[in-house]
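As structure tokens, the structure follows; a few thoughts come after it.
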Amino acid sequence: MLHDMHTIIGDAIKEATGTDDPLLTDGGEHADLASTIAFSLAKQKKQAPVKLAQELAGDLKKNPALAEIAIEAKGPYINFVFGRDYVSNAVRAAVQPGYGNLQKKAVRVVLEHTSANPNGPLHVGHIRNSIIGDTLARAFIKAGYSLEVQYYVNDMGRQIAIVVWGFDNLDSAQREGEKEDAHIARVYIAANQEIQKDESITQQVNLLMQLIENGDPATVRKFRREVSRCLDGFKVTMKDLNVAHDRFVWESDFIRNGNTERIINKLKRMPQARDDETLALDLSEFDFENPYVIRRSDGTSVYAARDLAYHAWKAANFDRVIDVLGADHKLIGAQLQCTMKILGEKVPEIVHFEFVSLPEGSMSTRAGKFVSADDLITEIRKRAFEEVTARRPELDEDTRKSIAQSVGLAAIRYDIVKVSPEKSTVFDWKEALDFERQSGPYIQYAHARACSILEKAGTFPVCFELETEQEILLAKKIAKFPQVIENVVFELRPHILAIYARELADTFNTFYHYEPVLKSEGEVRNRRLTLVKALQNTLKESLETLGIDAIHSM
RNA sequence: GGGCGAGUGGCUUAGCCCGGACAUAGCGUCAGCCUCCUAAGCUGAACGCCGGGGGUUCAAAUCCCCCCUCGCCCGCCA
């Protein structure tokens, strides 16, 4: 809709001026769309931009295609304000279930996210990956793509060898009520402390690494057991965060199925290959200083080789390959992309996000310095329950618990997804536990408020003819939703949706303040109820795409 | 040392790709609003050399160059 207006107006300007870019921008408070084309025409024609804007506005007004649009030159700007049809069509679309769903696309997308090493619980840094990834996944589905979400399980890393060494050599019994991933972290941290004290342990870890690479059955069993247990813990955390994967892909499978060997053989024949003691690629022509090592001198593969095999497999089975990775993977991500390109394979698109740290510094699983996602979830549910109990003492405990769970989830997911990924952040308990303004619960509250109005109203005849300034403001904000979904998947930036949802709630709260709905009468009441229905549905679709429950009461 | 990212009122943050009309919002501060549809809300005020310096342009938070500060990376780890 908004996109259509852009096209119609843009074409009209191009036709009237003969330029190929109508220089349309958002009109902000002045208009729905505005063109600054008069500035560039001024240069060409050597005339004043104000005069040209006026002339052009006059010409455009005569264009029958723009009959519904109010056109006015204000100084050098040409402002376009959409008419009643635009507004009523927007509301008509927005009351429909699934509003914002875009046309189905015959494009298969594979999205990898989280993929944390299974050596300890997910912490508040990992879940930035999960939440960005899961929100993108939801947006892709809404945008009509066929999607598979994968978790790449790094099950043959050095950290896992350290975990296994710990289980073999230290006091490692699981404690009463201890979650699997927390248990593994405890053993991993203890094992690292032992390594610090006694360097000879490193030799034993190296031995485990060789055994796993060679497929020694007993070692494989041990690795797999601990990794699986850790993943079981992750799955509980991710379920609590409403984050879902379709498939867990194990790194070691790419050794077992021969894909790693195959890609190494292919890489050997590349002109960039340097096959001395190690096999490495010289990517200096692409501005990568260091050699990209693929195979060790002892003949075993490194992570990069298995990752290339994994990505080649994804490239063969999907049309688009998207990875969500932390900023620490920028260099290796770029090397991977570069290598895939020279192999003639589909190049993965990588979404990077910057680090989450603690006020006291970087997080480290090995050093036991982290805030686990589970602790955050527990704490936030507790706080949310207190809040719900204070606000709604009349509700029974189960209902309050259920609301608290949804509110807690909203607070966590929104707090993380609202920040643009290129900002590094410092985890702050106070902000994470805030349920007011610019928070997930704030948006849920606006939705619940709309639900409450609709419930009290019962049935009503729909009316799409809006009148007042506040009504039209809200309807125009609602109208932007499909374009927001489009932008999220195009730019791979889910925080755009987070910002939009908050602004939509803001707009509704202002509307709510100025325009009585239930207390108005006749047509006014009907059109406002219709608008509230459209708003409620748009908020619901927005929240659900953000992975947040659109609860009806809170 | 090199590469990448960030720097926007006291704090957090949008806008930057694609340059335009008084820079977005929240927290905090101050002044108000619950006999009225859920106050997890609303209205108003104060608070800004958009890190610094050059440049391009009719026009720069946005583009280019230099510098400063912070984060991340530069392994035969993953």
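Naming convention: chains lettered A, B, ... in sequence-line order (proteins, then strands); numbering from 1 in each chain. Worth knowing before you read on, the calculation uses all heavy atoms, side chains too, and leaves out hydrogens, waters and symmetry mates.
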Polar pairs (N or O, both sides) under 3.5 Å between protein and nucleotides 5-7 of chain B?
{"unit_1": "B:rG5", "atom_1": "O4'", "unit_2": "A:K330", "atom_2": "NZ", "d": "3.1"}
{"unit_1": "B:rG5", "atom_1": "O2'", "unit_2": "A:E422", "atom_2": "O", "d": "3.0"}
{"unit_1": "B:rA6", "atom_1": "O3'", "unit_2": "A:K423", "atom_2": "NZ", "d": "3.4"}
{"unit_1": "B:rG7", "atom_1": "OP1", "unit_2": "A:K423", "atom_2": "NZ", "d": "2.6"}

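Comparing B:rG71, B:rC17, B:rC37 by their closest approach to the side chain of A:K456 singles out B:rC37. The side chain of A:H495 has B:rA14 as its nearest neighbour among B:rA14, B:rC22, B:rA39. If you check B:rG15, B:rA39, B:rA78 against the side chain of A:R493, the one that comes closest is B:rG15. Residue A:L331 has its side chain nearest to B:rC73 when only B:rA14, B:rG26, B:rC73 are considered. Listed nucleotides B:rC42, B:rC76, B:rA78 differ in distance to A:N154; the shortest reach to its side chain belongs to B:rA78. The side chain of A:A327 has B:rC72 as its nearest neighbour among B:rC74, B:rU43, B:rC72. The side chain of A:D328 lies closest to B:rC73 when the candidates are B:rC73, B:rU43, B:rA14. Closest approach to the A:E251 side chain among B:rC72, B:rG75, B:rA78 is made by B:rA78 (side chain taken as heavy atoms from C-beta onward).
If you check every strand for non-hydrogen atoms under 4.0 Å, A:F288 touches nothing. Heavy atoms of A:A42 sit nowhere under 4.0 angstrom from any nucleic acid atom. As judged by a 4.0 angstrom heavy-atom cut-off over every strand, A:V532 is placed among residues making no nucleic acid contact. Counting any heavy atom pair closer than 4.0 Å across all strands shown, A:D155 reaches no nucleic acid atom. Counting any heavy atom pair closer than 4.0 Å across all strands shown, A:E515 reaches a base atom. Across all strands, A:Y442 comes closer than 4.0 Å only to sugar-phosphate atoms, never to a base (heavy-atom distances). Looking at heavy-atom distances under 4.0 Å, A:E277 makes contact with a base.
The cationic atom of A:R224 (NZ for Lys, CZ for Arg) lies less than 6.0 Å from the six-membered ring centre of A:W250 and within 45° of the ring axis. The cationic atom of A:R525 (NZ for Lys, CZ for Arg) does not lie both less than 6.0 Å from the six-membered ring centre of A:F460 and within 45° of the ring axis.
Dashed line: the shortest gap from a side-chain N or O of A:K74 to OP1 or OP2 of B:rA21 is not under 4.0 Å. Checking the phosphate oxygens (OP1, OP2) of B:rA78, no side-chain nitrogen or oxygen of A:R158 falls inside 4.0 Å. Contact check, A:S362 against B:rC72: a side-chain N or O comes under 4.0 Å of OP1 or OP2. For B:rA39, one of the phosphate oxygens OP1 or OP2 lies less than 4.0 angstrom from a side-chain nitrogen or oxygen of A:Y512. Distances shown here put a side-chain N or O of A:T510 below 4.0 Å from the OP1 or OP2 atom of B:rU43. For A:R449 and B:rA39, the shortest distance from a side-chain N or O to OP1 or OP2 is below 4.0 Å. Not one side-chain nitrogen or oxygen of A:R502 sits closer than 4.0 Å to the OP1 or OP2 atom of B:rU13. Side-chain nitrogen and oxygen atoms of A:Y500 include none within less than 4.0 Å of the OP1 or OP2 phosphate oxygen of B:rG15.
A salt bridge does not link A:D434 with A:K430: none of the charged nitrogens is closer than 4.0 Å to a carboxylate oxygen. Under 4.0 Å is where a charged nitrogen must lie from a carboxylate oxygen, and between A:K268 and A:D275 no such pair does. Between A:K51 and A:E55 a salt bridge is recorded (basic side-chain N to carboxylate O distance below 4.0 Å). The pair A:D415-A:R128 does not count as a salt bridge, with every side-chain nitrogen at least 4.0 angstrom from each carboxylate oxygen.
Residues A:H3 and A:H6 keep their aromatic ring centres 6.0 Å or farther apart. Between A:F435 and A:Y442, the ring centre distance reaches or exceeds 6.0 Å.
Taking atom NE2 on A:H329 and atom C1' on B:rA78, their separation rounds to 7 Å, with Å as the unit.
Mapping A:P441 and A:Q159 onto RNA chain B via the closest heavy atom, the residue that lands nearer the 5' end is A:P441. Between A:M156 and A:E29, the residue anchored nearer the 5' end of RNA chain B, judged by the nucleotide with its closest heavy atom, is A:E29.
Between the side chains of A:N154 and A:R306, not a single donor N or O lies within less than 3.5 Å of an accepting N or O. No side-chain donor-acceptor contact under 3.5 Å links A:H113 and A:D323.
Between A:F427 and A:W429, the angle of the ring planes goes over 60°, which puts this pair in the perpendicular group of the 30/60° scheme. Note: A:Y151 and A:F234 have tilted aromatic rings, judged against thresholds of 30 and 60 degrees for the angle between ring planes.
Here B:rC34 sits opposite no nucleotide as a Watson-Crick or G-U wobble pair (both hydrogen-bonding atom distances under 3.5 Å).
Syn is the conformation of B:rC34, whose glycosidic angle sits no further than 90° from 0.
Here the separation of B:rC34 from B:rC42, taken at their C1' atoms, is 11 Å to the nearest Å.
Contacts between residues 292-309 of chain A and RNA chain B, defined by a heavy-atom separation below 4.0 Å, involve A:V293, A:R296, A:S297, A:V302, A:Y303, A:R306, listed by number.
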